[in-house]
Number of protein chains: 2
Amino acid sequence: MAHAGAPSSSPHVQEKRRRRRAEILHSALRAFRDKGYHATTLDDIVGRLGVRRTALYHYFPDKEAILYACHHEALAEVAGLLDEAKSRFDSPKERLGYVIREHVRVMTDTLEGSPLAFEVPALAAEHQAQIIAARDRYEQGLRDIIAQGIAQGEFRSVDPKIAVFAIMGAINWIARWYRPEGSVHAPALGAQFADHLVGGLTCE
Amino acid sequence: MAHAGAPSSSPHVQEKRRRRRAEILHSALRAFRDKGYHATTLDDIVGRLGVRRTALYHYFPDKEAILYACHHEALAEVAGLLDEAKSRFDSPKERLGYVIREHVRVMTDTLEGSPLAFEVPALAAEHQAQIIAARDRYEQGLRDIIAQGIAQGEFRSVDPKIAVFAIMGAINWIARWYRPEGSVHAPALGAQFADHLVGGLTCE
DNA sequence: TAGAAATTTTAACGCTTAGTCAGTTTTTGT
DNA sequence: ACAAAAACTGACTAAGCGTTAAAATTTCTA
């Protein structure tokens, strides 16, 4: 019941615990990136932390909860991009370009190229439903931008649903080839993706 | 040593064996689609075949060999698209559009939306090297088309490597949402993908 | 239709790995 | 310095799963 997290402890202790949790998630994220969720053992996760496997159960009830937490945090970060785009830009073209660039940044920086989106089927049914719902909201936001662009004559008259799938695919696939230490410059990547994917929707 | 396949048996027997192998691969492909390679058990694979788990070992030395065979056949099919595009069309724009449309068709028809490309890390080192090499040849072919398009002034001056990653991502991601019984019309999907992804490279 | 070949089954092994639990060490607040 | 809380450990359990060997069954061939 350690992970139940009664908020009875001091702020300092809570903060320490929060940090440790973050360390675990970060280590897990990298392990998932290298081997995928199922092939990652608990020992893989703690290998980088200098701690035994059983210590994990102090912070998470089971392995799947770690995966869920990774998803939860990652989705929270990208979900915020939609509002940010709306407040910063007016035209659908600019908004879409911004979201793509920033989403690419999350992929390369926060997630360090971890293919989290690939591991949704590994989640327990309940968690899976939550994550899929959040992802759907995000995709709906993108579809709305595109639909508005079509209505305003900025974009060609495509099926927004399919267009969003193409965009999400291109971005999620980054996990399969991007490595932080590699030669591809992350910001340039975001810029080219935005040009490529927004350009493909634009009226000539 | 059953799967060593000494070609001493009659043509009829060989043909029968070949068909059974294909059945196994097809069933495995769908299982991998639903659960991913690691989460798929041998019982999942044979569940649809009405046969015991151990019967598989007559056709494949181990589970990983089944995954490899799936990859091998799928890649062989898409590799042929490059030559076909070259012989049918002259302009890079048309060639690229053709390859994208046909690749989407392979994803929806042959693979029925199986995310094979996601499972490369699960292959044994030797097999992995082979599959990656074949995939690299394919991607290099796409890069060549794009580079030629840039040289001829049809395409904007982008990094062909990144452009190909975006295209491959969009196509491979189809596996995560497409279902044969779903509402999206497969040929229309290929057409829109081609428009979107080629259009994003085209000079305005 | 008998014998051979190919295929499938039964039964069981062995390894991996997630998860449990009781106890120990470390850290924290007073 | 001391008691309480938190963090961690080591040994163990249980289950799942890929794999193997040998026997049984079906299919093919002559």
Side-chain angles (χ1 to χ4, degrees), chain A residues 1-25 27-28 31-32 34-69 119 122-124 127, chain B residues 1-25 27-28 31-32 34-69 119 122-124 127:
Chain A
M1 64 179 59
H3 42 266
S8 58
S9 46
S10 77
H12 173 238
V13 169
Q14 284 185 339
E15 171 66 12
K16 201 179 167 191
R17 180 184 176 82
R18 202 192 58 76
R19 294 244 281 253
R20 199 85 177 105
R21 253 183 74 105
E23 279 178 10
I24 293 172
L25 290 183
S27 177
F32 296 157
D34 294 339
K35 307 183 133 196
Y37 172 75
H38 280 107
T40 296
T41 68
L42 298 182
D43 285 332
D44 289 331
I45 295 175
V46 297
R48 317 158 195 259
L49 297 175
V51 111
R52 302 290 156 225
R53 185 189 340 142
T54 47
L56 293 180
Y57 290 89
H58 218 24
Y59 300 91
F60 300 94
D62 53 28
K63 185 186 174 189
E64 189 266 349
I66 297 175
L67 181 65
Y68 171 69
E119 305 287 8
L123 291 167
H127 286 160
Chain B
M1 62 180 59
H3 41 267
S8 59
S9 46
S10 77
H12 172 239
V13 170
Q14 283 185 340
E15 172 64 14
K16 201 179 166 190
R17 181 184 177 83
R18 201 191 58 74
R19 296 243 281 250
R20 199 88 175 104
R21 251 184 77 105
E23 279 177 10
I24 293 171
L25 289 184
S27 176
F32 295 157
D34 294 338
K35 306 180 131 197
Y37 173 75
H38 279 108
T40 295
T41 69
L42 298 183
D43 285 333
D44 289 331
I45 295 175
V46 297
R48 317 157 196 260
L49 296 176
V51 111
R52 303 284 159 235
R53 191 192 327 151
T54 47
L56 293 179
Y57 289 86
H58 233 280
Y59 301 91
F60 299 95
D62 54 29
K63 185 187 176 189
E64 188 266 348
I66 297 176
L67 181 66
Y68 172 68
E119 305 288 6
L123 291 167
H127 286 161

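Quick note on labels: first sequence line is chain A, next is B, and so on, each numbered from 1.
Annotation: side chain of Leu123(B) is not in contact with side chain of Tyr37(B) (no heavy-atom distance under 4.5 Å). Within the 4.5 Å cutoff, the side chain of Arg20(B) has heavy atoms near those of the Val51(B) side chain. Inter-residue side-chain proximity for Tyr59(B) and Ile66(B) is flagged as unmet; no heavy-atom pair is nearer than 4.5 Å.
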Per-nucleotide protein contact string for nucleotides 12-24 of chain C (B base, S sugar-phosphate only, - none; heavy atom under 4.0 Å): -----SBBB----
Contact list (N/O, under 3.5 angstrom) for nucleotides 23-27 of chain D vs protein:
| from | atom 1 | to | atom 2 | distance (Å) |
| --- | --- | --- | --- | --- |
| dT27(D) | O3' | Lys16(B) | NZ | 3.2 |

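Note that the NE2 atom of His38(A) and the CD atom of Glu119(A) stand 7.5 Å from one another [nearest 0.5 Å]. Atom CZ of Arg53(B) and atom CG of Asp44(B) lie 10.5 Å apart (nearest 0.5 Å). With values rounded to the nearest 0.5 angstrom, Tyr68(A) atom OH is found 12.5 Å from Asp62(A) atom CG. In this structure, OG1 on Thr54(B) lies 10.0 Å from CG on Leu42(B), to the nearest 0.5 angstrom. Rounded to the nearest 0.5 angstrom, Leu56(B) CG and Lys63(B) NZ are separated by 11.0 Å.
Projected onto DNA chain D by closest heavy-atom contact, Tyr37(B) and Val51(A) fall at different nucleotides, the more 5' of which corresponds to Val51(A).
The interatomic distance linking Asp44(B) (CG) with dC17(D) (P) rounds to 8 Å, in whole Å. Distance, Ile45(B) CD1 to dT19(D) P: 10 Å, rounded to whole Å. Residue Phe60(A) contributes atom CZ, which lies 17 Å from atom P of dA6(D) at whole-angstrom precision. Rounded to whole Å, the distance from CD on Gln14(B) to P on dA5(C) is 15 Å. With rounding to whole Å, Arg17(A) atom CZ is found 15 Å from dT28(C) atom C1'. Regarding Glu15(B), its CD atom lies at a distance of 13 Å from the P atom of dT29(D), rounded to whole Å.
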Test salt bridge (Lys or Arg N to Asp or Glu O under 4.0 Å) applied to Arg19(A) and Glu15(A), step by step: CA-CA 6 Å; Arg19(A) 294 244 281 253; Glu15(A) 171 66 12; 3.6 Å; yes
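For the pair His58(A) and dA7(D), the criterion of a side-chain N or O lying under 4.0 Å from OP1 or OP2 is met. Considering only side-chain N and O atoms, Arg52(B) lies nowhere under 4.0 angstrom from the phosphate OP1 or OP2 of dA11(C).
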